[in-house]
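A quick write-up on the structure given underneath.
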Amino acid sequence: MKYDFKKIEKNSQDFWAKSKVFETKNDSSRKKFYVLDMFPYPSGDGLHVGHIKGYTATDIVANYMRMKGFNVLHPMGWDAFGLPAENYAIKIKKNPKEVVAQNIAKFKGQLQSLGFSYDWSREINTTDPEYYKWTQWIFIKLFEKGLAYQDEIPINFCPSCKTGLANEEVQSGECERCHTKVERKNLKQWILKITDYADRLLNDLEDLDWPEPIKEMQKNWIGRSEGSEIKFQISNSKLQIKVYTTRADTLFGCTWVVLAPENDLVKQLESKIENLNEVKEYIEKSKNKSDLERTELAKEKTGVELRGLRAVNPINGKEVPVWIADYVLAHYGTGAVMAVPAHDQRDFEFAKKYNLLIKEVVIPTVTDPIDPPKPDEPVVFRNAIQAIVINPNNNKILTLCWQKQPWTTFITGGIDDGEDATEAAKREIYEETGYKNLKFIRKLGGLVDSNFYANHKKENRKAHFQALVFELLDEEKDQISDKESAIHQLVWKTWEEIKNDGNLKCSEFNIWLDRFSNPENAFEDHGILINSNSFNGSDSETAKRKITEKLRKSGHGDFAINYKLRDWVFSRQRYWGEPIPIVHCKKCALRDPSGQGVVAVPEDQLPVKLPEIENYEPSGDGTSPLSRVESWVNTKCPKCGSEAKRETDTMPQWAGSCWYYLRFTDPKNDNKLISNEADKYFSPIDLYIGGAEHAVLHLLYARFWHKFLFDLKVVNFKEPFKKLKNVGLILAPDRQKMSKSRGNVISPEEIIGQFGADSLRMYEMFIGPFDQPAVWAKNGITGVSRFLENVCLSFEKNNKKDETIGTNLSQLINLITQKIEKSLFNTAVSDFMKFAKTVELTKMNKEQWDVFLKLLSPFAPHLSEKLWLENSNSNSIFSSLWPEAQNIEQQNYNLVVQINGKRKAVLEINKNLDRKEIENLVLGQKKIAFEVKRDKIKKIIFVEKKLINFVV
RNA sequence: GGGCGAGUGGCGGAACUGGUAUACGCGUAGGUCUCAAAAACCUAUUCUCGCAAGGGAUUGUGGGUUCGAUUCCCACCUCGCCCACCA
């Protein structure tokens with residue numbers, strides 16, 4: 001008898017189909033468990049071994065929960081609208097409908113060959129009119145609530161797919177599907193107001209049991225930002241420029257304001273702009289740039305000043321110039337920013353290029369860690385300098401090594417009245433060193449606020465230091481006074497040597513070094529304010545609040561919140577999607593111009609079926625292929641009955657997957673999307689498994705629709721997916737993603753033919769930690785295959801009772817149970833292997849085999865079912881109950897003996913011995929006694945039932 | 001540039017909450033069986049010194065906390081993923 005997996009698989013699968021063990025009833029008297037895979041897109045290539053990893057995990061959980069007594073909902077369906085099927089259909093000149101039907105048949109066959117326990121009676125398909133009728137229904141509800149609107153805006157357009165894209169579908173400036181660079185195009189689009197849900201989408205993340213990185217990605221994508229909106233009055237005009245900023249504390253440093261080229265204000269101000277031609281030319285140029293071009297060419301910022309215009313900074317009444325520049329995004333905030341070049345890198349670069357004023361208003365603050373200010377001493381303020389004198393011959397820097405104190409410093413001194421910083425520095429250098437010939441190189445950024453206690457004067461000092469860099473031209477110097485030379489010695493050192501100088505007394509050092517190495521950086525951190533009138537001395541956080549409050553009082557600003565999230569561009573100019581159920585009626589438009597003649601198709605006329613047409617290739621001119629189907633486009637207005645035209649754009653691929661998980665709870669309902677009872681019983685999803693690539697696509701869109709349906713009271717829970725787990729990718733043996741074009745795809749058929757479905761399932765789990773990527777190793781599967789064969793053959797040999805098996809089996813029950821609960825499938829498989837290694841399977845009796853097979857059944861269902869039935873059971877193993885472990889206490893345990901934390905021995909200890917007895921026993925061991933003399937023991941660390949450590 | 005995560009044998013990886021590092025599997029070597037080979041089974045397998053008994057080193061690198069660190073803290077290096085002019 002050998003392990004004939006082909007026969008076993010067929011028998012088990014036939015048995016399950018006949019006995020219908022995997023069909024789920026809406027039986028609300030039982031505890032439910034809803035475990036779901038992200039349903040696949042049935043492409044022409046079929047499934048590869050990478051897809052199966054997630055499905056195997058959900059199947060293990062489904063089987064396990066079933067045996068735990070839950071009414072498990074574990075369904076499967078097809079997300080079949082969208083580009084891949086359509087493109088493939090165009091290529092092979094067939095209708096997408098036919099192609100999809102073929103692909104689904106292939107996928108379904110593959111899934112069934114793996115013995116997955118899906119309830120196929122609930123199978124759904126997003127391209128089925130009975131399904132998309134409800135997708136359209138949701139759209140109409142969105143429209144009725146004002147959450148679906150039309151607008152002509154510049155959108156991302158993929159020239160290869162010939163359709164508009166949502167923001168989420170653009171990745172680093174490329175189309176998510178085909179990686180073509182996207183273009184900007186002005187198109188009249190249907191847009192969904194997902195931004196209305198931004199705060200709820202963000203806040204409700206908190207309660208979800210999702211992987212932190214996914215939550216983090218959604219948070220970043222939604223991008224909540226707290227700041228202030230500030231109004232700059234335009235001189236000699238009633239108009240104002242509103243800017244959004246998170247750095248109201250830098251308002252005094254604003255030296256110009258910038259509008260996005262698309263900002264409407266530009267048009268309104270045209271009459272005042274002196275260089276209108278230049279401005280128009282610039283606007284025209286930036287219009288044609290894609291977002292990618294705008295950002296990629298970011299190294300060189302461009303802009304044009306609006307000559308003749310000035311804006312008034314509301315905090316100090318100063319007039320500043322107004323610019324337009326395409327580094328300002330029209331769609332974020334107010335489409336205008338205040339430029340603070342001293343404290344914003346982008347503004348800084350812009351100022352350098354166009355020679356604009358840079359005004360410093362925030363400076364970093366440091367406190368001397370060795371001599372911090374003393375609370376009861378007076379504070380004396382000084383403006384001061386530090387001179388960094390470099391010898392260009394060896395790049396060493398002059399430091400002062402103090403005689404009476406263990407200090408190394410730069411040349412330091414106060415600025416006297418009437419002196420500027422450079423003069424003060426030159427004077428100090430001369431006084432302290434005698435060097436006469438120095439070349440001033442540059443100031444090292446702006447000031448630094450420095451706080452310390454001056455021991456020799458018994459006072460606290462608050463100094464604003466300016467660092468200045470000089471080069472020594474020659475060695476010529478005058479003799480300095482004896483008094484001066486007695487204070488310190490001159491020592492030349494490299495930056496590295498100064499950094500590692502243990503006596504360095506310069507809390508500003510890291511700032512100087514950073515500014516020396518990166519001279520072209522604005523100071524963007526928080527700090528304390530200078531040059532800001534009454535706000536001088538406050539810290540950034542406080543200043544943000546106080547400045548905004550002051551503006552609010554004068555009506556020039558207020559606190560504001562912004563989101564990065566943009567509304568969802570929902571139109572696609574392609575054939576293979578749900579038609580948007582809207583009719584455009586000219587007559588209705590005349591009667592009610594505000595409604596623009598946009599009429600929703602009434603519920604009883606749904607679905608608006610996709611017409612079957614010959615030629616469905618995309619046109620690329622921004623219109624959908626449907627617009628060519630006159631017989632379909634021309635219709636009667638459902639409102640007034642006059643001639644009208646259908647909307648020809650279709651919905652994006654994500655529409656169907658936004659609510660499919662709901663339909664599984666009530667898949668055949670003709671009257672409603674789902675019944676309230678079905679939702680109440682099965683929702684929310686207890687475990688959802690899929691790839692991390694949907695973090696800001698499907699998972700965000702679905703949450704949005706779900707919340708909308710919650711508001712409509714169609715669903716009862718505010719979040720659809722209670723617990724989410726990500727499945728790590730399986731890479732081909734060449735460490736690349738598996739894809740047909742790379743020719744590295746490994747198909748399940750290939751593996752099943754050679755090793756069987758159970759081996760494939762177990763290897764998928766054994767390959768590594770579930771959520772991490774793994775590389776498919778051709779030989780890896782032989783280990784699990786040998787294990788299953790061993791199980792099969794051991795069963796055939798006869799049963800004798802072995803007393804030790806009971807304990808081990810009980811341990812195995814605990815291990816497997818915990819590991820399924822925690823998704824540690826890889827070590828669950830190794831636990832089975834370990835068990836088979838320590839226990840002679842042939843010696844297990846009938847009851848022990850029953851238990852063992854139950855544990856194995858979620859992983860290797862075919863073999864387990866077959867042996868279960870052969871072990872004199874008549875019903876499916878999956879209708880049996882999961883085994884409970886009995887606690888069998890061991891008489892002895894292993895104690896680790898360490899000397900100074902190093903393992904020296906492992907002893908078997910009776911559980912009844914107490915600490916003293918154990919110590920004596922251990923020290924009685926020859927080997928230990930040889931190394932540990934009783935009188936030399938400093939300490940004994942004792943960890944109950946685990947370890948004893950002698951410190952000698 | 002910002003955020004998140006990860007570095008353990010020849011390879012995939014294991015190690016609970018700070019307590020025997022290298023489980024389990026693959027591969028490799030030797031052996032059993034065989035006329036022979038394959039398969040299967042048995043033994044060995046982190047590195048290093050040693051004939052051996054036994055010793056030493058080791059979880060990316062360097063430091064710290066601790067009786068004891070793969071695990072905690074700090075700095076650095078490398079790789080991966082996501083976002084990227086969001087004011």
Side-chain angles (χ1 to χ4, degrees), chain A residues 171-173 211-217 219-221 223-225 227-228 243-248 250 258 260 291-292 294-299 301 325-329 331-340 343-347 349-350 521 524 562-566 692-693 695-696 729 762-763 766-769 771-787 789-790 793 818 822 824 826-837 894-906 937-952:
Chain A
Q171 291 176 349
S172 338
E212 279 310 316
I214 302 290
K215 287 204 211 178
E216 206 52 41
M217 279 159 78
K219 262 184 218 165
N220 291 341
W221 191 261
R224 183 188 157 97
S225 142
S228 314
V243 304
Y244 174 74
T245 180
T246 55
R247 292 300 302 272
T250 64
V258 202
D291 276 7
L292 182 72
R294 277 188 175 199
T295 55
E296 231 183 17
L297 305 172
K299 290 128 213 166
K301 299 211 180 326
D326 65 9
Y327 77 88
V328 176
L329 306 171
H331 51 71
Y332 183 76
T334 58
V337 302
M338 65 182 207
V340 184
H343 305 296
D344 181 286
Q345 191 60 28
R346 295 154 298 182
D347 298 339
E349 282 162 22
F350 200 77
N521 280 356
E524 293 187 302
N562 263 302
Y563 295 92
K564 274 201 259 185
L565 185 69
R566 286 198 246 167
E693 67 273 17
V696 290
L729 213 62
M762 275 196 113
Y763 181 57
F766 188 56
I767 197 164
D771 56 356
Q772 263 157 245
V775 178
W776 186 269
K778 281 239 149 153
N779 294 326
I781 197 166
T782 54
V784 286
S785 167
R786 280 174 194 159
F787 163 76
E789 188 168 3
N790 179 20
L793 300 183
Q818 284 165 22
K822 292 184 193 163
L824 300 170
N826 56 331
T827 53
V829 175
S830 54
D831 289 333
F832 279 119
M833 289 170 169
K834 274 187 231 180
F835 178 78
K837 231 170 132 166
N894 286 338
L895 182 85
V896 175
V897 182
Q898 293 183 337
I899 296 172
N900 288 338
K902 282 207 154 192
R903 180 180 62 119
K904 288 293 166 182
V906 182
I937 297 172
K938 283 188 198 152
K939 202 174 172 186
I940 300 174
I941 311 278
F942 184 76
V943 183
E944 189 119 4
K945 296 207 169 173
K946 263 191 182 156
L947 166 141
I948 187 160
N949 183 14
F950 297 98
V951 186
V952 293

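Chain letters run A, B, ... following the sequence lines, proteins first, then strands; residues in each count from 1.
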Per-nucleotide protein contact string for nucleotides 7-18 of chain B, where B marks a base within reach and S marks sugar-phosphate only (heavy atoms under 4.0 Å, - for neither):
-----BSS----

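Shown here, B:C72 forms a base pair with B:G64; the pair counts as Watson-Crick or G-U wobble because both key distances fall under 3.5 Å. In this structure B:A87 sits in no base pair that meets the Watson-Crick or G-U test at under 3.5 Å. Partner assigned to B:G27 is B:U45, using Watson-Crick or G-U wobble distances below 3.5 angstrom. Judged by Watson-Crick or G-U wobble contacts below 3.5 Å, the nucleotide B:A52 has no partner. Taking a pair to require two hydrogen-bonding distances under 3.5 Å in either a Watson-Crick or a G-U wobble arrangement, B:A15 remains unpaired. Across all strands shown, B:G80 forms a Watson-Crick or G-U wobble pair with B:C4, both key distances being under 3.5 Å. Pair check for B:A36 finds none; no Watson-Crick or G-U wobble contact set falls under 3.5 Å.
Each of A:Glu216 and A:Gly783 was assigned the nucleotide of RNA chain B with the nearest heavy atom; the assignment lying further toward the 5' end belongs to A:Glu216. Take the nearest nucleotide of RNA chain B for A:Met217 and for A:Leu565: the residue whose nucleotide is more 5' is A:Met217.
Listed pair A:Arg786 / B:C26 meets the phosphate criterion, a side-chain N or O lying under 4.0 Å from OP1 or OP2. For A:Tyr327, no side-chain nitrogen or oxygen approaches OP1 or OP2 of B:A87 to under 4.0 Å. Taking only side-chain nitrogens and oxygens, A:Lys837 comes nearer than 4.0 Å to OP1 or OP2 of B:C24.
Distance alone, capped at 3.5 Å, is enough to place a donor-acceptor pair between the A:Arg247 side chain and the A:Glu524 backbone. Formation of a donor-acceptor pair under 3.5 Å by the A:Tyr244 side chain with backbone atoms of A:Val337 is not found in this model.
Contacts of A:Val328 with the nucleic acid, taken as non-hydrogen atoms under 4.0 Å apart, include base atoms.
Here the separation of B:U58 from B:A53, taken at their P atoms, is 23 Å to the nearest Å. With both ends at atom P, the span from B:G10 to B:C82 equals 31 Å, rounded to whole Å. Distance noted for atom C1' between B:G7 and B:U22: 16 Å (whole Å). B:C74 and B:A69: their C1' atoms are spaced 15 Å apart (whole Å). Taking atom P on both B:A29 and B:U34, the two are 23 Å apart, rounded to the nearest angstrom. With C1' as the reference atom, B:A38 and B:U32 are 15 Å apart, rounded to whole Å. Separation of the C1' atoms belonging to B:A14 and B:U59 is 12 Å when rounded to the nearest angstrom. Using P as the reference atom, B:G27 and B:G12 are 15 Å apart when rounded to the nearest Å.
With sequence neighbours excluded, the residues satisfying side chain to side chain contact (heavy atoms under 4.5 Å, CB included) with A:Ala336 are A:Ile241, A:Val243, A:Leu259, A:Asn263, A:Thr334. Checked against side chain to side chain donor-acceptor pair (under 3.5 Å), A:Asn826 has no partners two or more places apart in sequence or in another chain. Among residues two or more places apart in sequence or in another chain, the salt bridge (Lys or Arg N to Asp or Glu O under 4.0 Å) test is passed with A:Lys904 by A:Glu931. Legend: residues meeting salt bridge (Lys or Arg N to Asp or Glu O under 4.0 Å) with A:Lys215, ordered by chain and number and at least two apart, are A:Glu212. Scored by the salt bridge (Lys or Arg N to Asp or Glu O under 4.0 Å) test, A:Asp344 finds A:Arg346 as partners (sequence neighbours excluded). When the side chain to side chain donor-acceptor pair (under 3.5 Å) test is applied to A:Asn900, no partner is found at least two apart in sequence or on another chain. With sequence neighbours left out, the side chain to side chain donor-acceptor pair (under 3.5 Å) criterion links A:Trp776 to no other residue. Listed by chain and residue number, nothing satisfies the side chain to side chain donor-acceptor pair (under 3.5 Å) test with A:Arg903 (two or more places apart in sequence, or in another chain). By the ring pair (Phe, Tyr, Trp, His ring centres under 6.0 Å) test, A:Phe787 is found to be paired with no residue, residues two or more places apart in sequence or in another chain being considered.
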Atom pairs, protein N/O to nucleotides 56-60 of chain B N/O, distance under 3.5 Å:
residue: B:A57; atom: OP2; partner: A:Lys902; partner atom: NZ; Å: 2.9

Tabulated below should be each protein N or O lying under 3.5 Å from an N or O of nucleotides 64-72 of chain B; please produce it.
residue: B:C67; atom: O2; partner: A:Asn949; partner atom: ND2; Å: 2.4

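Nearest nucleotide to the side chain of A:Val906, out of B:U20, B:A87, B:G25: B:U20. Checking B:A23, B:C26, B:U20 against the side-chain heavy atoms of A:Asn779 singles out B:C26 as nearest.
Base orientation of B:G55: anti, since the glycosidic angle falls outside 90° of 0.
Between A:Tyr332 and A:Lys564, the closest side-chain pair of non-hydrogen atoms falls below 4.5 Å.
Rounded to a whole Å, the CG atom of A:Asp831 is 12 Å from the P atom of B:G25. One interatomic measurement links the two molecules: CG of A:Asn220 to C1' of B:G1, which rounds to 15 Å at whole-angstrom precision.
Judged by the 6.0 Å and 45° rule, A:Lys301 forms a cation-pi pair with A:Tyr327.
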List the steps, then state whether side-chain contact (heavy atoms from CB on, under 4.5 Å) holds for A:Lys938 with A:Phe950.
CA-CA 8 Å; A:Lys938 283 188 198 152; A:Phe950 297 98; over 6 Å; no

